[in-house]
Enquirer: 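Below are the structure tokens for one structure; questions will follow.
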Amino acid sequence: QVHLVESGGGLVQAGGSLRLSCVASGRPFSNYNMGWFRQAPGKEREFVAAISRSGGRTNYADSVKGRFTISRDNAKNTVYLQMNSLKPEDAAVYYCAATGAVLLITISTRYDYWGQGTQVTVSS
């Protein structure tokens with residue numbers, strides 16, 4: 001059992017930055033690959049980024065590559081998503097998720113635990 005809580009969402013102008021945090025509790029945090037997903041109104045939940053248990057491997061959606069950075073601090077049981085050069089199309093509820101899969105899974109159904117989400121709004 002893993003409990004995830006996201007924070008850091010808010011309102012930012014296009015071109016600005018936000019850093020999302022996801023704090024995990026329950027099972028040892030280092031047992032899980034972690035991912036970020038997002039869902040905008042009327043759209044399906046989409047993969048954003050993933051990071052391996054040790055932080056040595058990362059994977060990004062093409063839409064955010066070069067702008068977003070996923071990282072983790074296992075000592076703090078926390079995964080981060082640094083979002084730079086934000087665009088209006090980045091606006092969504094962002095969800096943190098945990099999976100026991102070895103690969104950096106991009107499919108939401110392969111993630112076992114989810115946070116409640118944090119809203120990111122990007123104004124133009």
Side-chain angles (χ1 to χ4, degrees):
Q1 184 72 261
V2 177
H3 181 63
L4 305 172
V5 179
E6 304 97 332
S7 63
L11 173 65
V12 64
Q13 292 184 349
S17 298
L18 285 173
R19 189 176 78 158
L20 307 183
S21 298
C22 173
V23 179
S25 61
R27 296 293 184 92
F29 180 64
S30 60
N31 286 356
Y32 298 95
N33 290 348
M34 301 295 296
W36 286 97
F37 291 76
R38 66 188 182 187
Q39 187 166 23
K43 301 182 69 175
E44 294 184 349
R45 188 168 299 186
E46 65 174 339
F47 169 76
V48 176
I51 188 166
S52 62
R53 288 177 288 275
S54 68
R57 294 178 291 122
T58 58
N59 192 19
Y60 297 93
D62 288 342
S63 60
V64 306
K65 195 172 298 181
R67 299 188 297 120
F68 291 12
T69 303
I70 188 171
S71 62
R72 68 192 295 164
D73 186 340
N74 287 348
K76 297 180 179 179
N77 294 332
T78 302
V79 62
Y80 304 95
L81 185 68
Q82 177 67 46
M83 305 185 295
N84 298 329
S85 302
L86 282 161
K87 305 174 181 179
E89 53 262 43
D90 294 320
V93 176
Y94 282 71
Y95 297 91
C96 176
T99 177
V102 174
L103 299 177
L104 297 181
I105 299 298
T106 63
I107 302 172
S108 62
T109 54
R110 289 288 289 115
Y111 283 79
D112 302 305
Y113 304 101
W114 294 84
Q116 81 284 2
T118 185
Q119 177 71 53
V120 172
T121 303
V122 184
S123 65
S124 60

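Position 1 is the first residue of the sequence, and the numbers go up from there. Side chains are part of it too, since the values below use all heavy atoms of this structure and drop only hydrogens, waters and symmetry mates.
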Enquirer: Is the shortest side-chain heavy-atom distance between S25 and N77 below 4.5 Å?
Expert: no
Enquirer: Hey, do the aromatic rings of Y111 and Y95 have their centres closer than 6.0 Å?
Expert: no
Enquirer: Can you tell me if E6 uses its side chain to pair, donor with acceptor, with the backbone of Q116 under 3.5 Å?
Expert: yes
Enquirer: So how far is it from L4 CG to T78 OG1, rounded to the nearest 0.5 Å?
Expert: 10.5 Å
Enquirer: With a 4.5 Å cut-off on side-chain heavy-atom distances among I, L, V, M, F, W and Y, is there a chain of contacts connecting L104 to V48?
Expert: no
Enquirer: Could you state the interatomic distance from OG1 (T99) to CZ (R53), rounded to the nearest 0.5 Å?
Expert: 9.0 Å
Enquirer: Side chains of R57 and N59: donor-acceptor distance under 3.5 Å anywhere?
Expert: no
Enquirer: With rounding to the nearest 0.5 Å, note down the distance linking OH in Y94 to CD in Q119.
Expert: 9.5 Å
Enquirer: Starting from W114, can I reach V23 by hopping between I/L/V/M/F/W/Y residues whose side chains sit under 4.5 Å apart?
Expert: no
Enquirer: If I compare all heavy atoms of M34 with all of C22, which pair ends up nearest, and what's the gap?
Expert: CE-SG, 4.4 Å
Enquirer: I need the N33 CG to T58 OG1 distance, nearest 0.5 Å.
Expert: 11.5 Å
Enquirer: Among the clusters formed by ILVMFWY side chains lying less than 4.5 Å apart, do I107 and F47 turn up in the same one?
Expert: yes
Enquirer: Is it possible for you to say whether V12 and L81 belong to one hydrophobic cluster, with membership spreading through side-chain heavy-atom contacts below 4.5 Å?
Expert: yes
Enquirer: Taking side chain as C-beta onward, heavy atoms only, is S7 less than 4.5 Å from T118?
Expert: no
Enquirer: A side-chain contact here means heavy atoms from C-beta on lying under 4.5 Å apart; do R110 and L103 qualify?
Expert: no
Enquirer: Could you tell me whether R45 sits above the aromatic face of F37, with NZ or CZ closer than 6.0 angstrom to the six-membered ring centre and within 45 degrees of the axis?
Expert: no
Enquirer: Return the minimal non-hydrogen interatomic distance between S17 and Q82, and the atom names on each side.
Expert: CB-NE2, 3.9 Å
Enquirer: Out of curiosity, does L86 fall in the hydrophobic cluster containing W36 (side-chain heavy atoms, cut-off under 4.5 Å, transitive links)?
Expert: yes
Enquirer: Is it the case that over 12 heavy atoms from other parts of the model lie below 6.0 angstrom from the CD atom of E44?
Expert: no
Enquirer: Measure the shortest side-chain to side-chain distance between M83 and R67 over non-hydrogen atoms and say whether it is less than 4.5 angstrom.
Expert: no
Enquirer: Backbone N or O of G26 within a donor-acceptor pair of the Q1 side chain at under 3.5 Å?
Expert: no
Enquirer: Does the side chain of S21 reach to within under 4.5 Å of the side chain of K76, using non-hydrogen atoms?
Expert: no
Enquirer: Ignoring hydrogens, what is the shortest heavy-atom contact between A14 and P88? Give both atom names and the distance.
Expert: CB-CD, 4.1 Å
Enquirer: Would you name the heavy atoms of G100 and D112 that are closest together and state the gap between them?
Expert: N-OD2, 3.6 Å
Enquirer: Does V64 reach the side chain of R38, with side-chain heavy atoms less than 4.5 Å apart?
Expert: yes
Enquirer: Can you name the one residue among I70, D73, L20, I51 that meets side chain to side chain contact (heavy atoms under 4.5 Å, CB included) with Y80?
Expert: D73
Enquirer: May I ask you to say whether K87 pairs ionically with D90, meaning some side-chain N is under 4.0 Å from a carboxylate O?
Expert: no
Enquirer: Looking only at non-hydrogen atoms, find the nearest pair between I105 and A101 and report the distance.
Expert: CG1-CB, 3.5 Å
